[in-house]
Amino acid sequence: MKKIVEMAHQLIEEHVGEHSIAVDFTMGQGNDLLFLAQLPDVKIVHGFDIQEEAVKMSEEKLKTAGLLEKAKLHLVGHEHCDAFLDGYDIGIFNFGYLPHGDETITTMLDTSKLAVEKALKLLHKHGLLVLVVYPGHEQGQKESAYFNSWCEELDGHCFNVLQMRMVNHKQAPYILAIQRIREEKKK
């Protein structure tokens, strides 16, 4: 069986369209960012992270792959994404902490919630937003509980939501994939 991030990448590959704008809302080590930049149909990829170390690692990976000109890296929290984006087609959040980094610096429910709400508003029709949730730590449990409930409440006329998880591993990471199928009606 594939790893959860490999499954997330497969979902993204199946939904990317020509001239797509892609976003890595949680750059971390730059693996998702590099994956998005390598997709031939992605014309630009944005990356967000609050850790300078993450931005530097991501920049180096892109530079090594010859893809730095295809990316815009932002040393800012993902909850500020709307200051840098007008819209996008493919996005991914990989919640938690920087692997092999300071485990006390982690995504927090308050900012993650705000970021995902803004990201969903910016998602183009037929676009895909992938949330990789890690319930194996305290903040991850909070994010997991919130996003599971929040996704269940999304309007089924406007969004399709897929959950992929290993049901016999309660603390294992899992995917919530949200596809916009129609614009929401203005209230």
Side-chain angles (χ1 to χ4, degrees), residues 1-103 105-107 111-112 115-116 118-120 122-134 136 140 143 162 164 172-180:
M1 197 173 293
K2 292 181 181 180
K3 292 180 180 177
I4 204 72
V5 173
E6 291 171 332
M7 290 181 197
H9 288 181
Q10 184 177 346
L11 281 171
I12 288 169
E13 282 181 301
E14 292 170 1
H15 283 87
V16 71
E18 192 175 2
H19 305 296
S20 289
I21 298 168
V23 184
D24 181 355
F25 290 96
T26 50
M27 255 189 296
Q29 294 180 326
N31 296 325
D32 291 330
L33 187 77
L34 179 61
F35 164 75
L36 293 168
Q38 289 174 328
L39 294 172
D41 287 332
V42 169
K43 78 173 177 186
I44 190 162
V45 61
H46 289 264
F48 294 90
D49 209 294
I50 61 168
Q51 296 182 75
E52 195 171 332
E53 176 187 357
V55 175
K56 285 179 181 177
M57 274 193 285
S58 299
E59 186 175 1
E60 191 56 42
K61 282 187 180 178
L62 290 168
K63 195 182 293 183
T64 300
L67 295 167
L68 190 56
E69 74 288 343
K70 198 175 180 180
K72 292 189 180 185
L73 308 183
H74 309 284
L75 180 60
V76 64
H78 50 210
E79 69 273 21
H80 302 291
C81 62
D82 56 340
F84 300 90
L85 301 170
D86 294 324
Y88 69 98
D89 305 292
I90 299 291
I92 187 167
F93 283 85
N94 210 328
F95 295 110
Y97 48 83
L98 183 64
H100 312 294
D102 184 348
E103 293 182 16
I105 302 173
T106 183
T107 55
T111 52
S112 294
V116 172
K118 287 180 177 184
L120 194 62
L122 293 167
L123 184 63
H124 292 152
K125 186 176 177 185
H126 304 299
L128 182 71
L129 177 60
V130 176
L131 312 179
V132 183
V133 183
Y134 292 81
E143 289 170 334
L162 168 73
M164 295 174 70
Y174 64 94
I175 294 171
L176 292 165
I178 306 165
Q179 180 187 33
R180 180 183 293 280

Note, N31 side chain near N94 side chain (heavy atom, < 4.5 Å): no
Results of side-chain hydrogen bond (donor to acceptor under 3.5 Å, both in side chains) for Q10 - residues two or more places apart only: K2, E14
Within residues 65-81 or reaching into it, pairs that qualify as side chain to side chain donor-acceptor pair (under 3.5 Å) - sequence neighbours excluded: H46-H74
K61: partners by salt bridge (Lys or Arg N to Asp or Glu O under 4.0 Å), with sequence neighbours left out: none
Value rounded to 0.5 Å, distance of CD in E13 from CD1 in I90: 10.5 Å
So CG of D49 and CG of L75: to nearest 0.5 Å the spacing works out to 8.0 Å
Here the gap from L34 atom CG to E60 atom CD, rounded to the nearest 0.5 Å, amounts to 11.5 Å
Rounded to the nearest 0.5 Å, what separates atom CG in L73 from atom CG in D24? 9.5 Å
By side-chain hydrogen bond (donor to acceptor under 3.5 Å, both in side chains), D41 pairs with (sequence neighbours left out) none
Answer yes or no: is there a donor N or O on one side and an acceptor on the other, between the side chain of Y88 and the main chain of A119, under 3.5 Å? yes
List for me each residue that meets salt bridge (Lys or Arg N to Asp or Glu O under 4.0 Å) alongside K56, sequence neighbours excluded, and say none if there are none. E52
Is the backbone N or O of F93 less than 3.5 Å from a side-chain atom of T26, with the two atoms forming a donor-acceptor pair by type? no
To the nearest 0.5 Å, how far apart are CD1 in I44 and CG in L36? 12.0 Å
Does F35 have any ring pair (Phe, Tyr, Trp, His ring centres under 6.0 Å) partners at least two apart in sequence or in another chain, and if so, which? H9
So, do D32 and V132 sit near enough that their side-chain heavy atoms are less than 4.5 Å apart? no
Using 0.5 Å steps for rounding, measure from the CG atom of L128 to the CD1 atom of I178. 8.5 Å
D89 side-chain N/O to G127 backbone N/O, donor-acceptor pair under 3.5 Å: no
Applying side chain to side chain contact (heavy atoms under 4.5 Å, CB included) to M164 and L11, what does each step give before you reach the verdict? CA-CA 11 Å; M164 295 174 70; L11 281 171; 3.8 Å; yes
